Colleague: 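Quick one: this structure, given as structure tokens, is what I'll be asking you about.
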Amino acid sequence: MGIALVEGVARYSYAALDSRIEALARGLLVEKDDLDRERVAVLMPAGRNYVTALHGIWRAGGIAVPLNVGATAPEFEYYLGKAGVTRVIASRQQLIATDPVCRRLGMEALEVNDLLGAGRRQQPLPTVERSRPAMIVFTSGTTSKPKGAVITHKAIHTQVTTLIKAWRWTRKDSIPLFLPLHHLHGLINVLSCALWCGATVHAFPKLDVARLCEQAGSGAFSVFMAVPTVYVKLMEHIESLAAQQRKAVCREFGRMRLNVSGSAACPVRVFERWKQLTGQALLERYGATETGMTISNPYDGERRAGFVGQVLPGVEAQLFDDNHRPVRNDATPGEIRIRSGGVFQGYWDDERANRASFHDGWFRTGDIAVVEDGYYRILGRSSIDIIKSGGYKLSALEIEGVLLDHEAIRETAVIGLPDATWGEIVAAAVTLKHGASLDLAGLKEWCAGRISGYKVPRRLKVMRDLPRNAMGKVVKTALRDLL
Ligand code: MCA
Ligand code: AMP
């Protein structure tokens with residue numbers, strides 16, 4: 001069997017990985033027949049241990065809860081509590097960082113190595129039906145706190161097999177993995193598709209543009225997937241290279257069979273510049289945590305800049321108006337709603353959100369689009385309270401909720417502002433309490449340890465009053481124009 005994972009100088013075969021996964025599953029089970037929906041958190045960067053933990057939990061019948069390695073202690077505590085996690089499998093570094101929270105919650109925190117020898121060798125592993133939940137993936141939305149999307153084995157199976165077919169994955173492929181593994185882009189589109197078909201994954205603990213270009217330049221990869229921000233960062237780096245090196249990197253990106261962009265809108269200028277540099281027409285696709293990938297530009301055929309493509313096989317997509325009526329004319333903007341075998345089961349322990357997110361069996365994405373010759377073009381979102389920064393979906397309400405704890409802040413409104421690198425950046429408008437003062441550096445410092453770095457405001461506007469309408473509601477569109 002081939003090489004499943006490359007991590008630094010180490011190479012791990014599928015066979016070796018498989019026996020490790022079984023050992024971990026047995027270590028989790030000990031005397032039990034089946035973890036039976038026990039929620040086990042996974043907190044580590046990409047690599048052999050991540051795959052061992054994720055698949056070990058699945059094989060033992062548990063529900064994996066992949067968490068952000070950059071989460072702060074309060075965020076971590078929220079995720080663990082909300083999903084009812086009972087055990088955490090973490091890397092050494094994460095274990096140290098999260099130990100106080102785990103202790104406080106009376107939760108067992110383990111390293112992969114603690115579990116590998118803990119089970120009985122002969123212990124049978126349970127048969128896990130595809131209808132059972134496989135994981136809970138947290139995603140931000142229009143509510144203040146992130147919601148846990150419950151994704152079944154069947155949905156994962158549908159998502160993975162759909163993409164393998166659409167994008168022609170084979171065991172000969174090799175792909176770098178540097179995106180975070182608590183979101184589907186890294187977890188499903190890169191890791192799971194590659195492992196499903198016997199390809200090779202080159203795991204990076206985080207984005208390292210220089211190393212990535214070096215390896216890409218030596219022809220290590222056949223497929224590349226990233227968010228638009230990564231392409232912007234790659235182009236900045238490539239343009240800074242000496243002519244010969246630059247040529248080699250561009251040539252090898254051009255030789256790959258596929259470069260994909262997604263998770264946020266790919267600006268037309270990024271599409272065009274990438275094509276100029278490498279000769280590759282980026283394949284832009286569209287999806288969401290709750291649905292997996294649903295719309296994609298074609299593998300063969302025209303890839304249109306500024307469009308997310310056509311509905312993938314097996315997926316039903318329909319635009320709806322504000323009154324839940326299907327939009328008859330494709331040129332009229334409507335909300336994209338999805339039905340497919342890849343759609344999640346619902347939000348964990350959140351009936352209100354479930355009622356709001358589905359209508360007549362359709363999942364409401366909140367994204368507004370039009371269709372031109374079968375190609376979808378995203379126009380924006382139905383809620384101004386959702387911000388996409390570097391591919392991460394952020395809730396303005398969640399950030400506002402945290403900022404209001406600041407002793408100087410009386411009121412706040414958070415919005416996303418357009419940005420060439422990040423797509424959008426987080427901006428906060430505030431009014432201050434009598435006699436108080438606040439600057440951006442002070443606010444950033446205060447936020448550290450309270451919210452993940454990518455949620456921290458990059459702009460601050462101190463105002464006498466926030467713009468409000470006659471009902472007293474903050475008018476965020478006016479604020480955006482003001483900022
Ligand atoms: C890092 N920083 C950010 C972001 N990332 N600020 C705003 N937005 C961000 N996304 C800040 C850090 O807090 C830090 O700030 C500084 O930038 C450098 O951090 P570093 O970690 O070194 O940055 P990086 O390594 O260059 O990270 C950029 C990144 C990362 C690789 C683009 O943001 C990323 O992995 N994004 C992808 C997220 C993703 O996979 N989303 C998919 C979800 P300071 O210097 O002040 O401390 S959507 C999804 O899964 C659906 C299904 C779909 O369609 O794909
Ligand atoms: P998440 O909840 O983090 O999975 O983010 C899903 C959201 O990302 C979608 O609802 C869209 O708003 C956005 N998204 C994903 N891919 C694209 C794309 N290619 N163009 C524009 N928006 C996208």
Side-chain angles (χ1 to χ4, degrees), residues 45-46 66 68-70 72 137-142 146-147 149 151 159 163 177-191 204-210 212 225-234 236-237 260-267 270-271 282-297 305-309 335-338 342 344 357 363-369 376-383 386-395 416 419 421-426 440-441 443-445 447-448 451-458:
N68 174 10
V69 291
T72 60
V137 177
F138 279 94
T139 178
S140 292
T142 44
K147 295 168 287 187
I151 302 171
Q159 292 179 19
L163 290 188
L177 171 59
F178 46 83
L179 292 174
L181 288 175
H182 61 291
H183 283 304
L184 299 198
H185 196 159
L187 182 49
I188 296 290
N189 298 18
V190 179
L191 182 66
F204 291 74
K206 75 182 293 293
L207 177 69
D208 179 342
V209 175
L212 209 51
M225 293 187 194
V227 298
T229 299
V230 170
Y231 286 102
V232 173
K233 287 178 177 247
L234 278 174
E236 278 168 6
H237 179 75
V260 179
S261 171
S263 300
C266 179
V270 171
F271 179 96
L282 283 174
L283 182 152
E284 183 169 9
R285 56 56 179 183
Y286 161 89
T289 302
E290 292 88 343
T291 61
M293 299 307 107
T294 49
I295 300 176
S296 167
N297 272 281
F307 289 77
V308 294
E335 183 195 19
I336 305 178
R337 297 191 185 174
I338 300 291
F344 76 134
S357 302
F363 173 71
R364 306 177 60 181
T365 64
D367 294 308
I368 309 298
Y376 280 67
R377 187 154 64 89
I378 310 282
L379 302 177
R381 286 178 292 271
S382 55
S383 169
I386 290 176
I387 301 166
K388 264 271 164 171
S389 175
Y392 281 119
K393 189 176 182 185
L394 312 177
S395 160
D419 182 83
T421 301
W422 300 99
E424 286 181 305
I425 51 166
V426 176
L440 183 60
L443 181 66
K444 281 185 172 176
E445 200 181 320
C447 285
I451 42 176
S452 297
Y454 54 80
K455 299 178 189 170
V456 173
R458 312 263 140 196

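Please read all numbers here as calculations on a predicted model, not as lab measurements. Each residue takes its place number in the sequence, starting with 1. Indexing begins at 1, ligand by ligand and atom by atom, following the structure's order.
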Colleague: Indicate, as side chain, backbone, both or neither, the part of H182 found under 4.0 angstrom from ligand 1 when only non-hydrogen atoms are considered.
Modeller: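 Contact part for H182 vs ligand 1: neither.
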
Colleague: Report the part of S452 (side chain from C-beta onward, or backbone N, CA, C, O) that has a heavy atom under 4.0 Å from ligand 1; answer both or neither where that applies.
Modeller: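 No part of S452 is near ligand 1 at this cut-off.
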
Colleague: Does ligand 2 have a heavy atom under 4.0 Å from the side chain of S261, from its backbone, from both, or from neither?
Modeller: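 Contact part for S261 vs ligand 2: neither.
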
Colleague: Among H183, H185, R285, whose heavy atom sits nearest atom 54 (O) of ligand 1?
Modeller: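 Result: the heavy atom closest to atom 54 (O) of ligand 1 is in R285.
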
Colleague: Considering only protein heavy atoms, determine whether one is less than 4.0 Å from atom 43 (C) of ligand 1.
Modeller: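 True for atom 43 (C) of ligand 1.
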
Colleague: At a non-hydrogen distance cut-off of under 4.0 Å, which region of F178 contacts ligand 1 (side chain, backbone, both, or neither)?
Modeller: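 F178 to ligand 1: no contact under 4.0 Å from either part.
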
Colleague: Heavy atoms only, cut-off 4.0 Å: how does D367 contact ligand 2, side chain, backbone, both, or neither?
Modeller: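 For D367, only side-chain atoms sit under 4.0 Å from ligand 2.
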
Colleague: Are side-chain heavy atoms of K233 and L207 found at a separation under 4.5 Å?
Modeller: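 Result yes, sub-4.5 Å side-chain heavy-atom pair found.
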
Colleague: K444 versus ligand 1: do any nitrogen or oxygen atoms come within less than 3.5 Å of each other?
Modeller: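 No.
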
Colleague: Would you say the side chains of Y454 and N68 form a donor-acceptor pair under 3.5 Å?
Modeller: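 N68 and Y454 do have a side-chain donor-acceptor pair below 3.5 Å.
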
Colleague: Heavy atoms only: which of R458, K393, E290 lies closest to atom 12 (C) of ligand 1?
Modeller: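 Ranked by closest heavy atom to atom 12 (C) of ligand 1, first place is R458.
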
Colleague: Salt bridge or not between E284 and R377? Use side-chain N to carboxylate O under 4.0 Å.
Modeller: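 Between R377 and E284 there is no salt bridge, as every charged N stays at least 4.0 Å from the carboxylate O atoms.
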
Colleague: Check whether any side-chain heavy atom of M293 lies under 4.5 Å from a side-chain heavy atom of Q159, and answer yes or no.
Modeller: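 In short, these two side chains do not touch, never coming nearer than 4.5 Å.
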
Colleague: Suppose I only count heavy atoms of V308 and a 4.0 Å limit; which atoms of ligand 2 are within that range?
Modeller: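 Taking each heavy atom of V308 in turn, ligand 2 has 18 (C), 19 (N), 20 (N) under 4.0 Å.
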
Colleague: Would a search of protein heavy atoms around atom 29 (C) of ligand 1 find one under 4.0 Å away?
Modeller: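 Protein heavy atom within 4.0 Å of atom 29 (C) of ligand 1: absent.
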
